[in-house]
Amino acid sequence: MSLPTAHAQNVYGSSDHWMGSKLSAREQELRSIMSLNGDPSGSYHEVDSFPEGYNYGDEDEVIGAVGGVENKPRILLMGLRRSGKSSIQKVVFHKLSPNETLFLESTSKVVKDDINNSSFVQFQVWDFPGQIDFFDPTFDSEQIFGSCGSLIFVIDAQDDYRQALIRLHQTLTKAFQVNQNIKFEVFIHKVDGLSDDRKWEAQRDIQTKATCDLADAGLDGLLRPSFYLTSIYDHSIFEAFSRVVQKLIPQLPTLENLLNILVSNCGLEKAFLFDVVSKIYIATDSSPVDMLSYELCCDMIDVVIDVSCIYGDDVEACAYDQQSASIIKLSNGVILYLREVNRFLALVCLIREEVFERQGLIEYNFHCFRESIQQVFEVRRKTQGPLTSLGSYSDDN
Ligand SMILES: Nc1nc2c(ncn2[C@@H]2O[C@H](COP(=O)(O)OP(=O)(O)OP(=O)(O)O)[C@@H](O)[C@H]2O)c(=O)[nH]1
């Protein structure tokens, strides 16, 4: 699946040529990172080879050194019994088929899942039993909410959700008392069984009631949960989890800026930076995400990995490596383009066919992009030391 190798020399000219004329200071800064170590000629090694001196190193090097298990940022999954918490976790992170969740047993104690199986973003997902009692003396809220990054509250939209709303309010207020930095997320879940009208109605209703309850408690403006319509039977759960995880990535604005630059320089329709294992996108450019594009890109990752597993030369080798790249032409004149960024990340873009004729330019800019990503994490690692939570770094480094 690797792309043909080509030489970039003398094709692209100066790095100044990629940019539009009016650049903000921030863009200039990012673009100077993106230029190839200040080489204005744009000449560099083979397009399809890695930058000199580049290696994957160990996992910690790539993401900026992660602390021990207990130091990993926590995402809590809470909600009433049978709302779908364990199913979400198993489908997103353990590739369980949605139909198999029918056989999941009810969770009786907190299940801590360490998500670090070669995933770019490392964190823990804590799946709570539905019948949890905040007033139970054994429930240590300081310990549970204290170093939590995100709290996802799951509401079964197919059920009567009045009880869930009461529990949502209790959970949000309790967690907020302990930790005001938590990102609060509400998944209005199992919407696959609802018509479009009923989906929007459920969202409006739940959002209004939850916001009113918070206003009554004097917390409006202080505590602003985000609401998502989700289902394990389509890509909505991956999309929602992507947005939850993105909020915990301190480098997100930089990644988004780099993607914006890439999109504008190459004339791409859309670009996603994917965590290949989970198919969570950790960043995208600033144009709106439409579900169809996201689904196509997810499917493309599956196709590349599957083809690589089935037809790869070396059975021992990893299905996703430096050579992983793919171009798929769709019948509507759009091209899906996948390139490996590092061993956890892939860039997946949608490009119009006529734009793809300038493939050399795209290759060149992609190389700049890949180098910039490495530099972003390198800088973070050097300046801020080991990561103790996705949003903060330990002071003693
Ligand atoms: N239709 C539909 N059913 C779902 C969805 N997600 C989960 N379910 C079903 O909901 C039921 C309960 O799912 P669980 O994941 O066990 O729920 P839970 O919240 O972990 O339950 P407890 O462990 O008892 O707290 C299962 O039968 C799942 O198949 C969804 O998106 N759509």
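In what follows, every heavy atom counts, from backbone to side chain, and hydrogens, waters and symmetry copies are set aside. Indexing begins at 1, ligand by ligand and atom by atom, following the structure's order.
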Do R243 and E185 sit within salt-bridge range, that is, some charged N less than 4.0 Å from a carboxylate O? no
Determine, for K209 against D213, whether the closest basic-nitrogen to carboxylate-oxygen distance falls under 4.0 angstrom. no
Are S287 and D285 close enough that a side-chain donor and a side-chain acceptor fall under 3.5 Å? yes
When the ring planes of H235 and Y294 are compared, do they come out parallel, tilted or perpendicular, using 30° and 60° as the limits?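 Ring orientation of H235 relative to Y294: perpendicular.
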Between F123 and F93, is the gap from one ring center to the other below 6.0 Å?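 Ring-ring flag for F123/F93: true, centres closer than 6.0 Å.
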Which pairs, with at least one residue in residues 214-226 and sequence neighbours excluded, count as a side-chain hydrogen bond (donor to acceptor under 3.5 Å, both in side chains)? S226-K247
For ligand 1, list the protein residues that place a heavy atom within a distance below 4.0 Å of one of its atoms, sorted by chain and number. L80, R81, R82, S83, G84, K85, S86, S87, T101, L102, S106, T107, G130, Q158, H189, K190, D192, S231, I232, Y233
